[in-house]
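Worksheet: one structure, shown below.
Quick note: numbers below take in every heavy atom, side chains included, and nothing from hydrogens, waters or symmetry partners. Note that the numbering runs from 1 along the sequence shown for the chain. Numbering of ligands and ligand atoms starts at 1, following listing order.
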Amino acid sequence: MKKFLIAGNWKMNKLTSEAGAFAEELKAKNFTNAEEVAILVPFTQLAEVGSKLAGSGIGFGAQNVHFEKSGAFTGEISVPMLQEIGVDYCIVGHSERREYFGETDLTVNKKLKALLEAGITPILCVGESLEVREGKGEQTFVANQVFADFEGIPRNMATKVVIAYEPIWAIGTGKTATPEQAEEMCAFIRGVFGGMYDNEAADEILILYGGSMKPSNAADLLAKPDINGGLIGGASLKVDDFSAIVDAAAQLK
Ligand code: 13P
């Protein structure tokens with residue numbers, strides 16, 4: 001049976017009080033596929049969300065982390081700090097962090113290694129800009145991200161990573177990749193990963209699509225064979241919209 005992960009990336013939204021209420025409402029939905037659902041929230045909301053979701057099966061996590069365990073890195077949060085809160089997931093290399101906060105494939109690679117060592121599942125974001133796609137360079141661009149981001153990561157660790165293909169031109173723009181475009185790139189990424197490791201590893205790894213996924217387009221995207229779920233921004237901020245996407249995945253089981 002196809003495995004899914006429906007993950008909400010709240011980005012820099014909600015106060016802790018709102019996050020707690022959201023988590024309670026989400027838990028009350030009693031999803032049959034709760035184990036395939038997660039929300040990625042700002043650091044300040046992690047403890048509250050974690051305690052509210054306890055026993056629900058729904059996962060939770062952070063949107064970024066530093067790769068060093070401790071030290072003079074003012075303003076940063078380490079993997080042991082996330083571990084202490086009990087997070088399941090952490091986003092790495094989101095295009096917004098690559099664009100506005102100087103994230104590079106080198107720092108992404110270090111973060112993946114630090115999280116994997118600690119048993120926290122990284123959700124690694126890759127994806128091309130509009131300019132790159134218009135120049136037909138999207139496959140080369142994304143393949144190079146995958147090569148660099150997985151550099152030196154052994155197979156048994158690599159298959160634990162969740163990859164999210166997020167074309168930058170589809171993020172927050174309302175412009176979704178068509179199911180065919182999304183499937184084409186997710187299948188391509190699976191092939192690249194299979195080339196780096198092997199075919200069984202490629203079958204095992206979860207590859208999500210992200211970029212203006214919403215209740216109206218989720219079922220068509222999720223039905224594609226190489227798309228194992230979604231990383232959802234805007235539509236993850238409302239319990240009903242997010243739940244509709246979770247239900248769309250449940251119906252495809
Ligand atoms: P939107 O769903 O708002 O387009 O955001 C996608 C995203 O960046 C998720 O990480």
Axial cation check for Phe193 ring with Arg190, 6.0 Å and 45° limits: no
Heavy atom of the protein closest to atom 2 (O) of ligand 1 (residue, atom name, distance): Gly233 N, 2.9 Å
Nitrogen or oxygen of Glu96 less than 3.5 angstrom from that of ligand 1: no
Side-chain donor/acceptor of Ser78 to backbone N/O of Lys69, under 3.5 Å: yes
Pair Glu48 + Lys52, salt bridge at N-O below 4.0 Å: yes
Check: Tyr165/Glu128 side-chain N/O donor and acceptor closer than 3.5 Å: yes
Contact partition for Lys11 relative to ligand 1, non-hydrogen atoms under 4.0 Å: side chain
Numbering as shown, the atoms of ligand 1 that approach Gly211 to under 4.0 Å (heavy-atom distance): 4 (O), 6 (C)
Glu166: numbered ligand 1 atoms lying under 4.0 Å from its heavy atoms: 6 (C), 7 (C), 8 (O), 9 (C), 10 (O)
Sub-4.0 Å atoms of ligand 1 with respect to non-hydrogen atoms of Ser212: 1 (P), 2 (O), 4 (O)
Part of Ala170 with heavy atoms under 4.0 Å of ligand 1, whether side chain, backbone, both or neither: backbone
Ile171 and ligand 1 - part of the residue with a heavy-atom distance under 4.0 Å: both
Residues Gln63 and Trp10: side-chain donor-acceptor under 3.5 angstrom: no
Donor on one side chain, acceptor on other, Thr107 and Glu103, under 3.5 Å: yes
Minimum-distance protein heavy atom relative to atom 3 (O) of ligand 1: Gly234 N, 2.8 Å
Step-by-step salt bridge (Lys or Arg N to Asp or Glu O under 4.0 Å) determination, Arg98 to Asp105: CA-CA 9 Å; Arg98 293 181 192 254; Asp105 286 321; 2.7 Å; yes
